[in-house]
Amino acid sequence: IYMAGNGAVLTAVDCVFDNNQFYVDGRDNLGCAINLSASASSFFTNTVFTANGILHEGGYGGAAYLSGGTHEFYNCLFADNHDTYGAALATASSPTIRAIKCTFGRNVGAAVYPADFARITYTDCILWGNGREPTGGTAVNTVVRGGLVSGSTDLDPVFTNGYRVASAEVQAMGCGYTYPAAAEAE
């Protein structure tokens, strides 16, 4: 999905973006699943981004590229995406990003590649097992491997059966992606 323009808004609820890929040489490869530019804004709820990525070195945003605007991700899973600069998310032009109850797991490359760390807030999230974890932004009740984000905790969530949390300590925190009831029955 590509959107550009101040005032453009994308809302996605209960969506899956899986295996979106492209291979084109050059650094203009931006966001395999989502590319929002020129201050477009977005709201994602209960959305899964898996196995998205640019199939060569040099692209930005395996799952999503966000340039400017305000973006909120609520209860989203970013897993197994790949890219050199931001396997899950890459940013430019200082967007404001809020990730709430999201899991970023086993993404190849930097999980998040932000242009401006100060505008990213993780609340009740898990960032674990990625090629590189974020080193900036703000965390509230969030688990980050290495505890590299201000306010984060370094507790292994012990992923089982996909990205379900087996660690009692992390479960008690109530952070990370919550699978839909139908998926829990599997």
Side-chain angles (χ1 to χ4, degrees), residues 1-18 20 27-50 52-54 59-79 81-105 107 109-128 130 132-144 148-152 163 173-178 180:
I1 296 174
Y2 172 78
M3 287 179 62
N6 196 12
V9 178
L10 171 64
T11 300
V13 178
D14 297 328
C15 294
V16 174
F17 296 92
D18 180 57
N20 293 286
R27 293 199 174 269
D28 292 333
N29 301 319
L30 308 171
C32 285
I34 305 292
N35 179 339
L36 302 178
S37 299
S39 296
S41 292
S42 62
F43 301 91
F44 295 90
T45 303
N46 303 330
T47 297
V48 175
F49 298 87
T50 54
N52 300 291
I54 297 166
Y60 291 84
Y65 174 80
L66 310 169
S67 179
T70 299
H71 308 278
E72 184 170 296
F73 297 88
Y74 178 80
N75 197 47
C76 293
L77 173 65
F78 294 87
N81 297 292
H82 50 91
D83 201 354
T84 304
Y85 304 104
L89 300 174
T91 71
S93 301
S94 302
T96 298
I97 299 172
R98 290 183 300 274
I100 304 160
K101 290 199 62 60
C102 295
T103 296
F104 297 79
N107 294 289
V112 179
Y113 184 82
D116 185 350
F117 277 117
R119 296 176 157 272
I120 298 178
T121 303
Y122 307 97
T123 304
D124 301 329
C125 292
I126 298 172
L127 294 96
W128 199 271
N130 299 292
R132 288 183 308 280
E133 308 300 352
T135 57
T138 303
V140 177
N141 195 49
T142 290
V143 174
V144 179
L148 302 173
V149 175
S150 175
S152 68
Y163 293 90
M173 291 174 65
C175 56
Y177 174 74
T178 302

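Using modelled atom types, no side-chain atom of Ser39 and backbone atom of Gly68 make a donor-acceptor pair closer than 3.5 Å. Of the possible polar contacts, one joining the Asn81 side chain to the Phe49 backbone as a donor-acceptor pair under 3.5 Å is found. Judged by distance alone, with hydrogens and angles left aside, the side-chain atoms of Ser152 form no donor-acceptor pair with the main-chain N or O of Val143 at under 3.5 Å. Checked by atom type and distance alone, the side chain of Asn35 pairs as donor or acceptor with a backbone atom of Leu30 at under 3.5 Å. A donor-acceptor pair under 3.5 Å links the side-chain atoms of Asp83 to the main chain of Gly61, judged by distance alone. Judged by distance alone, the side chain of Asn20 and the main-chain N or O of Asn52 form no donor-acceptor pair under 3.5 Å. Judged by distance alone, with hydrogens and angles left aside, the side-chain atoms of Asn141 form a donor-acceptor pair with the main-chain N or O of Met173 at under 3.5 Å.
Among the candidates Val149, Ile120, Asn130, the single residue satisfying the side chain to side chain contact (heavy atoms under 4.5 Å, CB included) test with Val112 is Ile120. Of the residues listed (Ile97, Ile34, Thr70, Leu36), the one engaging Ser42 in a side chain to side chain contact (heavy atoms under 4.5 Å, CB included) is Leu36, and it is the only one.
Annotation: the span from Tyr163 atom OH to Phe78 atom CZ amounts to 13.0 Å, rounded to 0.5 Å. Atom CZ of Phe73 and atom CG of Leu66 lie 5.0 Å apart (nearest 0.5 Å). If you take OG1 on Thr45 and OH on Tyr74, they are separated by 8.5 Å, rounding to the nearest 0.5 Å. Put simply, OG1 on Thr123 and CD on Glu72 are 9.5 Å apart, with the number rounded to the nearest 0.5 Å. Here the CE-OG distance, from Met3 to Ser37, works out to 10.5 Å after rounding to the nearest 0.5 Å. Atom CG of Asn75 is separated from atom SG of Cys102 by 7.0 Å, given to the nearest 0.5 angstrom.
For the pair Cys32 and Gly62, the tightest heavy-atom approach, listed with the atom from each and the gap, is CB-O, 3.1 Å. Residue Ala88 comes nearest to Ala63 through the heavy atom pair O-CB, 3.2 Å, listed as atom of the first residue, atom of the second, then distance. Closest approach of Ala12 and Cys15 over heavy atoms only: CB-SG, 3.9 Å. In terms of heavy atoms, Val144 sits closest to Leu148 at CG1-N, 4.1 Å. Scanning both residues, Ala79 and Asn107, for their nearest heavy atoms gives C-OD1, 3.6 Å. Tyr65 approaches Ala92 most closely through the heavy-atom pair OH-CB, 3.2 Å.
Side chains of Thr96 and Arg119: a donor-acceptor N/O pair is present below 3.5 angstrom, by distance only.
Between Phe17 and Ile1, some side-chain heavy-atom pair lies under the 4.5 Å cut-off. The side-chain heavy atoms of Phe104 and Pro134, taken from C-beta on, include no pair separated by under 4.5 Å.
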What's the verdict on side-chain contact (heavy atoms from CB on, under 4.5 Å) for Cys175 and Thr142, showing C-alpha distance, side-chain angles and the deciding distance? CA-CA 7 Å; Cys175 56; Thr142 290; 5.8 Å; no

List the steps and the verdict of side-chain contact (heavy atoms from CB on, under 4.5 Å) for Ile126 and Tyr177. CA-CA 8 Å; Ile126 298 172; Tyr177 174 74; over 6 Å; no

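The aromatic rings of Tyr60 and Tyr85 lie parallel to each other, with less than 30° between the two planes, well short of the 60° mark.
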